[in-house]
Each structure stands twice: as C-alpha cells, then as structure tokens.
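Step one of this worksheet: look at the structure below.
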Number of protein chains: 2
Amino acid sequence: MKNTEKVKLAVIGLGSRGGWLVDQFLTMDNVFVSALSDVYEDRVENCAARVEKACGEKPFCTTDYREIIGRNVCDAVLVCTGWEDHVKIALDMMEAHIPVGLEVGGAYSVADCFRLVETWERTKTPLMFCENCCYDRYELMCLNMARLGLFGEIVHAEGGYMHDLRTEILFGRENRHYRLENYKHRNCDNYPTHNFGPIATILGINRGNRMVSLTSTASKAAGLNDYARLHENVDPALRDYPFAQGDIVVTNIKCADGATVTLTLDTTLPRPYSRGFTIRGTRGMYQEDGNYVYLDTDFTEADHWNWKIHWNNAEEYLKKYEHPIWRRYLEDGVRGGHGGIDFLVYDDFFERVKDGKPMTLDVYDAAAFMCITPLTEQSIRNNSAPVEVPDFTGGAWETNDGSSRFV
Amino acid sequence: MKNTEKVKLAVIGLGSRGGWLVDQFLTMDNVFVSALSDVYEDRVENCAARVEKACGEKPFCTTDYREIIGRNVCDAVLVCTGWEDHVKIALDMMEAHIPVGLEVGGAYSVADCFRLVETWERTKTPLMFCENCCYDRYELMCLNMARLGLFGEIVHAEGGYMHDLRTEILFGRENRHYRLENYKHRNCDNYPTHNFGPIATILGINRGNRMVSLTSTASKAAGLNDYARLHENVDPALRDYPFAQGDIVVTNIKCADGATVTLTLDTTLPRPYSRGFTIRGTRGMYQEDGNYVYLDTDFTEADHWNWKIHWNNAEEYLKKYEHPIWRRYLEDGVRGGHGGIDFLVYDDFFERVKDGKPMTLDVYDAAAFMCITPLTEQSIRNNSAPVEVPDFTGGAWETNDGSSRFV
C-alpha cells in the first residue's frame, strides 16, 4: 500500500479493550476502521455506529471473523478477543496473508507459540505483538539508560501484573469477560507480557539473549472466595467455588547471559496497581515502586538508609535520559489512552504495515512472551519444578541484533 | 538464678556485631558482661577494657571459647562469631548446660539444624534465636493487625535482605570479616532470617503452620567484580575472582496452609537498604517499600491508580494498631541500637534466662529459619529444583499454639 494511505483495519474482538481501541483509532491519522467482528452482535453494532458517526462510512460487520478473509475489506487485522481465541484467529489471518496485530495475553500451550512462528516462517505474513507497556515512558527511559551503560551490566529484573481485578473477574459472567473461566480452571501466570515485555527489550531477549528455564510457585486461592462471601451482589455460586488460580504467582526466569527475572501475577487480593518494573545492574537501578533511580555515581553508602533521599526522583532523570521516542512524542503531543502508550504501539504497527518494515515486536517476541503462561502452568502443576524455555528463534537469538529497535 | 540478679553473660565473638552489643549491654539493667572470647586477642582486650571502665570489674577473657565451660563465669552465653562457628559453639554450650543466645545467620547444613534440635531435646538447655527484626516496630504492628484479622486470611508474604554490602565484603580480609569467604565459595540465600523471622511469626511457622518446600534461583555474580575493577583500593585479586555467590537470589517457599513466601538476598549491587517486608491477605496488605497499609475497608478501586494516596501512611495505622510490646517500650523510652530492636530482643532473652520461661524464638525457630540457607544452596545447585523443608518439630507444629508469643 502507499505510505500516504490509511491502513484499513479490521478489529476482531470488541469487548472492553477492543471497543476502547476502536475509539482510539478514530482519532488517528494513519488508520481507518474498515471492518468489525465480535461473536456478540450488539458489540459489533455499537462499535459500527460509533465508527459510522465519526467517519461517515459503515464498516464491514460480522459475527464470524472468518468472513473478513477473501473480501478485501482490510489491509491488516487487530485481534483483541478473549485470550483463548488469539492464536487461532492470528493463524487464520496469517494464512490469508493479512498482517496481524495481536493484543496481549498468555498462550494456552507452547505448541501454539510454535504454530505462530512456523506460520510466519512459511507465509511471511507479518505479526506484531501489541505490547503497549514496551512503549511506556519510564520503561523506555530505562532502555535508554541501559544502552548508555548507566546501570552497568544488567544482572536482574523484576516485574509484575499487580492489579486488583476481583470485581472484573467475579462479574465476568455479567460482563461476558473471559477472565472468570481462566481463574476457575487454570493456575499460572496468565498475564505476563505487560511486565515481561519491557524487561525483554532491555535484556535483549531473542536478540543476543534468551530465556533458558523457569520455576513458578502459586499461593493458595483465597481472595476471590473471601470477596464473594463479603459482597451480596456477587454470584453466590462463587463464594465457595474451588478456584484453580492461586492469588499470587511468582516466577523466576534464568537467561542465557546469567541474568534472572522475577515476575509476579497478583490480581485477586487488595492492593494498589503496579507493574513493579525494576532493573538492576552492577552500577545502578530503577524501581517503579517509589519511581526512583539509584546510581553509584549519584549516591554514597551513607544514602542507603534514607529512602526519602531518592524516593520519586525518576522525573529528574527524565530530563537527561528521556528516550528519543518519548522526546519526539512529547514534542508532537501525547495522545490517547493509558498515558499515551496505546497510541505509540498502534502508530508503530500501522506505520510498519504501510512500509512493510519488520515489526518492532515480532512473532518471535510474541512466542517468547506468551509461552511464559503455559510454562508456569507446567511448573506449578509439578510442584514448582524447573521447566526449560524453548528457543523459538532456532538459534538466531545469538546473532540477532536488537540495537535498531526502539530508536 | 534470682529474678533480681543480673544475668552474667559471656559474649563469644567480638567483631563488629559482638563489640557493638557489648557496649549495648553495658547500658542495660538486667545483664552483666562477665566473660569475653574471640580468636583475635586484640578484640578481647579492647572489649574488656570498655567493660572494666564501665563496671569496674574485668571480665574473664579468653581466645578459646571452650575455656568458658566449667569455670562458672556466666549464667548464659551469647554467640556472635562468624556464621561458620555458630552451631559448633552453641552445641558445646548446650552440652555444658549454659543457656545460649544465638546471633543470626544461616546454617551450613540441614544436619546442623537437626543437631541443635536434638541437643535441646536431650539437654533441655534453652537456646534463643536472637532475631532482632522480629521485634521491629512495623513488623510487630503487622503481627498485631494480622491477629486482629485486619488483613483477612494471610496468603503471601515477601521479604529480603537487600543491603549493599560490596565494601564490607570486598574489604573482608582487612576487616577480618567472614562474609568474603562465603561469597567466594557459596551460592545461596546466606542471610534469610532478618526477613523471614517476622514473616514466620505472622504465618505461624512451627505453631500451626510450617514450610513444606522451596525453590531458589540465583543470578550471575557480577557486582563484586565490577566494583573491584572500578576501585583501586580493593585487593586486585578480587577483580576477576570467580565469586560463587549470585548477586540476587530469589527463593519461593510453600507453606502447609497454602501461603507462599518470597525471599530475596540482594547484597552485591547498588541499592538503598530495605528488608522488603510485605504481608498480603484477602482483606489488606502492608508493604515496607513505601511504608503503607492498604485495607479494603479504607480504600476503593478508584484509589488503585494513585499511589500518592496511600504512600507512607503506615504511621497513621500505628496510632490504632501499635503492638503492645512497642506501646510499652515507647512509654518506657526506646533505647539502644538499630532503632531499639537490639534492646528488645536481648531484654527478652535475659528476662527468660532469669525466669526459666520458654524462649520466644526457640531452637525450633532457629532450625527452621537457619535451614533456608543450605536448602537454597541445594536448590540453586540443582537448577532451582524444588527441595523439601524438614519438619524439625516432629509433627508438633500442628498443635503448637503461638498466641502466647509476642504479647
């Protein structure tokens, strides 16, 4: 397609996330929502009405996403259905040579991750893993600082999806939300990519580094039951439902270069939101909790004891180390949801669809990030036994260069 | 001994910690430093001079701790040598029926932990594990809040010994400090008790609950080498020394009641000090990083997103939930080092030596806390494989009641 044209986009999955994104896309210059699909007709109609009102043109509408194929109604597709349909839809679209933007979520099997990679290698249909958190401001500042060597050698990183979702999960039936069924039947880190994505870019996963093995440990499941018992408006059947999903899942990942990553899923107990993003090197660190940078060059041992000295100082470091992507973004004007990161990830995706350039977060990233879910499930099921992490790149991680990404 | 008498105490090990404690004891009413021992004669002489100056009486002095036995020079002994001698000295003293205060540190083998327990069960010589952090103010506030049910059902806890010790370790030879050799040759969570102790009291370890298994993962060792290379005053032989100890060790523990504990050792990279103490329940939480309490009753979902609402609010909760031990302590006047906790733990030890009452942190606690070190070593050596945690109580944990401790 011509670079001047807008990407004609089919959006599949119009729940809370998909519907929100459609509205976002209506404000963007390089995309045009040309098709909509959801298994629920009311969702399709609602979104179609909003698109028509904004653009004057009614998108192609269907409750069967396969009808999008072969009709020439789009240049690319965005998959934001429930997690369980992500891979199936992405594979169908790649087979049909329709470039795929894949919203985030974990996989249901390692085999599914291999299917994504195999289908890309055979069809060369691009797939972008739309992990918005890789574009977040402090995460990119840390990538910039890491590339400048300010943290020294990176040794360890931490992250988590730490978000109290008790009401979202427990009212899942009413809200037609997919999380409820997952919490009933699975025990794993079901949502690792928001926290692992930015860590992976800094550690060079698939580009000079890779995950080698992991262990995962889940606490008992007590949070949802207790909440259901205390709140009369929650489905009484959930008060004593034997939820499979532990409240806290902690996963330790070992990487080929000797660095380690600790990931936490923490979604069914009371807490404030955090992704717990933390980068540790031989010369410095960043921690999201408290939003602070601590470099050997800026502090002395005497400062160890007074957390008020460094607490919330990261804004100061933005002045010097703001990532170029955000420097430009701030000049152009920050737009859209989630602090502007949805705009950044989708703007990147649409530009790459237009230019035919390699995706910033490609199918190998999708496979690596998403496989954490079934691997943690396997480790938890086996009393936290270590599990090997497959190399989806077939050895290419050793020579792949990541320095041209996120520049 | 009579309750009105002072405990005559032999202090074995007069390095930085032992020397500091001797000075502390000189200010306390219920103890008299009657004997001193260290393998280094200069340390003994220095401490003896300070004791004599303060009390007018020279303590019994020796470089061979075994000379303390059979001489009737003390009512109790405190062991604060290097970690590697803790158990050997404690066993010798228990065999000689001299009550033992044991300073903290991890064990070198699970067998050593069993030896402590076996020797107590045979000799009935009391041993107190002098874990000062179990007496810290916010830790005890959380114990109080947990007992009041404010956190709901406790599901997960976290803690760490997160203390940048690079200079202490690297100048270990000059300072005759035992850590250097440990970092050269061992890879484990070598110092778990400061963080695990307060968690254990809240989770009821050995008293209704116990650890069942753990996994442990160590990052590469890069921090000490990098520091040594950058600092000319560090022994050049350490610049490329292949340190065994990973910079970050993360351990996940599963408990009999389904709760989990995540412990972190983090001592050779730049960072501010923290013990990362965190308690998570179905109705609320406390987190040391940010020093905040977050209860369902006090916050709404809308508050999730603004960390400034709850940040550093724990002082407010002290007004209502200050632990009785600290309430009394504040009335009497907080004394001594480390924010007053050294006074509390040793005052407790001395009073129990005098009264013959059971130790607050007994030999089973010592064994449980200390065994984490060799078990993590074993897991790390076996690619993070899960390791069973022994039950040192022989099944008594099921019926032991912890409600009379820390009251």
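Only a predicted model underlies this, so the values are computations on that prediction, with no experimental measurement involved. Chain letters run A, B, ... following the sequence lines, proteins first and then strands; every chain starts at 1. These values consider heavy atoms only, across backbone and side chains, with no hydrogens, waters or symmetry-generated copies.
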Check your understanding: Quick one: of E301(B), H310(B), H156(B), Q287(B), who has the most non-hydrogen atom pairs under 4.5 Å with chain A?
Key -> H156(B)
Review point. With chain A, which of P272(B), G258(B), A259(B) has the greatest number of heavy-atom pairs at distances under 4.5 Å?
Key: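 Going by pairs under 4.5 Å, I would pick P272(B).
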Practice item. With rounding to the nearest 0.5 Å, note down the distance linking NE2 in H304(A) to CE in M162(B). Key: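 Atom-to-atom, H304(A):NE2 and M162(B):CE are 13.5 Å apart.
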Check your understanding: What distance separates L318(B) CG from E315(B) CD, expressed to the nearest 0.5 Å?
Key ->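 The distance works out to 7.0 Å.
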Who wins among [options] for the most heavy-atom pairs under 4.5 Å with chain B?
{"options": "D247(A), I248(A), L214(A)", "answer": "I248(A)"}
{"options": "I253(A), D296(A), N291(A)", "answer": "D296(A)"}
{"options": "A385(A), G290(A), P386(A)", "answer": "P386(A)"}
{"options": "N252(A), N312(A), V261(A)", "answer": "N252(A)"}
{"options": "T282(A), N306(A), N382(A)", "answer": "T282(A)"}
{"options": "C255(A), S274(A), G281(A), S213(A)", "answer": "G281(A)"}

What closest approach, in Å, do [X] and [Y] show between heavy atoms, and which atom pair accounts for it?
{"X": "C188(A)", "Y": "Q245(A)", "result": "O-NE2, 2.9 Å"}
{"X": "M211(A)", "Y": "F196(A)", "result": "SD-CZ, 3.5 Å"}
{"X": "H163(A)", "Y": "Y161(A)", "result": "ND1-OH, 2.9 Å"}
{"X": "A146(B)", "Y": "I202(B)", "result": "CB-CG2, 3.9 Å"}
{"X": "V234(A)", "Y": "F171(A)", "result": "CG2-CZ, 3.7 Å"}
{"X": "A314(B)", "Y": "Y138(B)", "result": "CB-CE2, 3.6 Å"}

Review point. Just by modelled atom types, is the I341(B) backbone N or O under 3.5 Å from a matching donor or acceptor in the N132(B) side chain?
Key: no
Review point. For the side chain of R229(B) and the backbone of R239(B), is there at least one donor-acceptor N/O pair under 3.5 Å apart?
Key: yes
Exercise for review: May I ask you to decide whether E377(B) forms a salt bridge with R186(B), counting only side-chain N to carboxylate O separations under 4.0 Å?
Suggested key: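 Salt bridge present between E377(B) and R186(B).
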Point to revise | L165(A) portion near chain B, given a 4.5 angstrom heavy-atom threshold | key: neither
Exercise for review: Tell me, for L230(A) versus chain B, whether the close heavy atoms (under 4.5 Å) come from the side chain, the backbone, both or neither.
Suggested key: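 Side chain of L230(A) only, per the 4.5 Å heavy-atom cut-off to chain B.
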**Study point:** Check: D189(B)/T376(B) side-chain N/O donor and acceptor closer than 3.5 Å
**Key:** no
Point to revise | Short side-chain donor-acceptor distance under 3.5 Å, Y317(A) and D298(A) | key: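 Result is yes, a qualifying pair exists.
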Revision key, fill the gap. If one checks every heavy atom of Y292(B) against chain A at 4.5 Å, the contacting part turns out to be side chain
Exercise for review: Using non-hydrogen atoms and a 4.5 Å limit, figure out which bit of R166(B) sits close to chain A: side chain, backbone, both or neither.
Suggested key: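 For R166(B), the side chain is the part near chain A, not the backbone.
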Review point. Are side-chain heavy atoms of F277(A) and N195(A) found at a separation under 4.5 Å?
Key: no
Check your understanding: Could R179(B) and Y191(B) be counted as a cation-pi pair, given that NZ or CZ must be under 6.0 Å from the ring centre and within 45° of the axis?
Key -> yes
Check your understanding: Taking only heavy atoms into account, what residues of residues 215-225 of chain B are found under 4.5 Å from chain A?
Key -> T215(B), T217(B), A218(B), S219(B), K220(B), A222(B), G223(B)
Practice item. Sort by residue number and list every member of residues 262-271 of chain A having a non-hydrogen atom under 4.5 Å from chain B. Key: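 Only T262(A), D266(A), L269(A), P270(A), R271(A) of residues 262-271 of chain A have a heavy atom under 4.5 Å from chain B.
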